[in-house]
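Working notes, beginning with the structure itself.
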Amino acid sequence: MPHLLVIEDDPQLRGALVRALRDRGHAVATASTGMQGLEEAVTHRPDLVVLDLGLPDVDGSRVLRMLRAVSGVPVIIATAREDEPEIVMALEEGADDYIVKPFGSGELDARIKAVLRRLGTGTPPEPERPIRVGELVVAPSAREVTLDGEPLELTPREFDLLCYLARRAGQVVSRRDILAAVWQQPLGGADKTVDVHLSWLRRKLGETAQQPRYLHTVRTVGVKLAPPGAAASDDGTGDGGGADAGDTDDADGSGEGGGDA
């Protein structure tokens with residue numbers, strides 16, 4: 001029996017979906033907010049998520065991005081938004097299907113079965129190609145990193161953090177998003193944890209928070225991975241004052257003994 005999670009804020013529609021899907025042989029859990037849905041998805045690992053975009057706390061598109069950072073669970077968007085750009089964006093951000101309200105329970109059930117069927121018979125994904133950021137090369141499939149042609153020895157957590165940033169090179173990423181993706185804490189956690197691991201990464205990249213080369217802190221916003229010289233002109237920090245409070249090279253107060261926390 002497939003286990004579904006329905007993230008929908010409208011109580012009447014949510015109740016109707018639950019009854020209809022259970023009648024068709026599915027086990028169904030529900031959430032009325034985006035953050036509740038994320039917690040439910042991470043904790044109980046459903047077979048498929050039906051996600052509304054118009055949620056009261058966090059827009060469903062952001063929920064989708066955060067969910068995709070920590071889980072490969074299939075997601076069907078079920079929403080009243082029918083603009084083509086909205087549909088395209090949701091599919092590009094990782095949705096497996098998109099259904100526009102109003103819809104019949106039979107159609108939704110058919111789409112759920114089709115997505116689960118594709119998931120069960122799909123071919124394995126091709127290995128992810130190495131990501132180059134300046135002279136820094138991250139190979140996600142091999143879990144290897146080189147800098148200026150020389151291998152870097154990273155802990156598993158350091159690699160996951162660097163790989164997450166490399167996949168978003170040039171983009172500012174918040175600490176909350178990092179905690180959700182790398183530490184699988186979608187509800188947030190201690191920013192200090194991120195700062196400490198960034199400090200360790202900087203040391204291995206041969207830089208400091210005050211003189212960054214690749215890792216650039218954008219005040220009150222987050223952190224960005226960019227080639228040397230590419231970020232100083234547009235992150236509002238420059239090379240001399242790029243560190244946020246707490247994001248310094250002595251943030252951990254110790255060595256690398258806890259680098260895989």
Side-chain angles (χ1 to χ4, degrees), residues 2-9 27-53 55 57-79 89-98 112 115-116 118-120 122 124-125 127-128 131 138-141 143 145 154-169 171-198 201 221-225 259-261:
H3 287 71
L4 311 180
L5 171 61
V6 175
I7 307 176
E8 167 63 57
D9 66 315
V28 186
T30 65
S32 59
T33 68
M35 299 312 294
Q36 181 187 354
L38 278 170
E39 184 176 18
E40 181 76 20
V42 171
T43 303
H44 295 102
R45 301 183 181 278
D47 296 311
L48 183 142
V49 174
V50 179
L51 174 64
D52 181 29
L53 294 183
L55 298 170
D57 57 339
V58 183
D59 189 78
S61 59
R62 179 169 171 79
V63 174
L64 175 61
R65 291 194 297 272
M66 295 175 71
L67 184 59
R68 272 292 162 262
V70 298
S71 173
V73 62
V75 177
I76 295 178
I77 301 296
T79 182
M89 180 178 296
L91 293 172
E92 289 181 343
E93 289 179 343
D96 296 273
D97 202 352
Y98 196 107
I112 289 170
V115 169
L116 292 176
R118 289 200 304 268
L119 180 68
E128 189 173 349
I131 305 164
V138 180
S141 297
R143 294 185 67 84
V145 179
L154 303 180
T155 68
R157 190 76 77 185
E158 289 168 351
F159 178 86
D160 291 342
L161 174 57
L162 183 60
C163 188
Y164 178 76
L165 294 172
R167 287 174 172 142
R168 294 154 183 81
Q171 303 177 26
V172 181
V173 184
S174 72
R175 285 172 173 78
R176 184 167 187 172
D177 284 347
I178 291 173
L179 283 166
V182 180
W183 277 266
Q184 298 191 5
Q185 297 180 17
L187 301 183
D191 286 355
K192 184 78 168 178
T193 299
V194 177
D195 292 336
V196 168
H197 284 77
L198 287 172
L201 269 180
V221 181
V223 65
K224 171 169 60 176
L225 183 72
D260 200 19

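The analysis underlying the following values was restricted to heavy atoms, covering all of them including side chains, and did not include hydrogens, waters or symmetry mates.
- The minimum heavy-atom distance linking A166 with I131 is given by the pair O-CG2, 3.5 Å.
- Under the rule for a side-chain hydrogen bond (donor to acceptor under 3.5 Å, both in side chains), T79 has no partner lying at least two apart in sequence or in another chain.
- Remark: T30 OG1 to E40 CD distance equals 8.0 Å, nearest 0.5 Å.
- Here the CG-CG distance, from L161 to L154, works out to 9.5 Å after rounding to the nearest 0.5 Å.
- Annotation: side-chain contact (heavy atoms from CB on, under 4.5 Å) contacts of D97 (sequence neighbours excluded): I76, R111, V115.
- For D47, the salt bridge (charged side-chain N to carboxylate O under 4.0 Å, His left out) test picks out no residue, with sequence neighbours left out.
- The distance from the CG atom of L53 to the CD atom of E8 is 10.0 Å, given to the nearest 0.5 Å.
- Contact detail for P46 and V73: the closest heavy-atom pair is O-CG2, 3.3 Å.
- Taken to the nearest 0.5 Å, the CG atom of L198 stands 7.0 Å off from the CG atom of L165.
- With values rounded to the nearest 0.5 angstrom, T43 atom OG1 is found 10.0 Å from L38 atom CG.
- For D9, the side-chain hydrogen bond (donor to acceptor under 3.5 Å, both in side chains) test picks out no residue, with sequence neighbours left out.
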Stepwise side chain to side chain contact (heavy atoms under 4.5 Å, CB included) test for H3 and H44: CA-CA 10 Å; H3 287 71; H44 295 102; over 6 Å; no
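- The side-chain heavy atoms of R167 and P140, taken from C-beta on, include a pair separated by under 4.5 Å.
- Shortest non-hydrogen contact noted between S141 and E128 is OG-N, 2.8 Å.
- The minimum heavy-atom distance between I77 and A95, with the atom names listed, is CG1-CB, 3.7 Å.
- Put simply, the side chain of V138 reaches to within 4.5 Å of the side chain of F159, judged on heavy atoms.
- Two residues are said to be in side-chain contact when any heavy atoms from C-beta on lie closer than 4.5 Å; C163 and R143 fail this criterion.
- Between L116 and P2 the shortest heavy-atom distance is CD1-CB, 3.9 Å.
- The two residues V173 and I178 come nearest to each other via the heavy atoms CG1-CG1, 3.8 Å.
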Using a 3.5 Å cut-off and no angle test, enumerate the donor-acceptor pairs between side-chain atoms of residues 57-67 and protein atoms at least two apart in sequence or in another chain.
unit_1, atom_1, unit_2, atom_2, d
D57, OD1, G34, N, 2.8
D57, OD2, G34, N, 3.4
D57, OD2, M35, N, 3.1
D59, OD1, R81, NH1, 3.3
D59, OD1, R81, NH2, 2.7
D59, OD2, S61, N, 3.1
D59, OD2, S61, OG, 2.5
R62, NH2, D177, OD1, 3.1
R65, NH1, E93, OE2, 3.3

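- Residues passing the side-chain hydrogen bond (donor to acceptor under 3.5 Å, both in side chains) test with R168, sequence neighbours excluded: none.
- Between atom CG of residue L4 and atom CG of residue L48 there is a gap of 6.0 Å, rounded to the nearest 0.5 Å.
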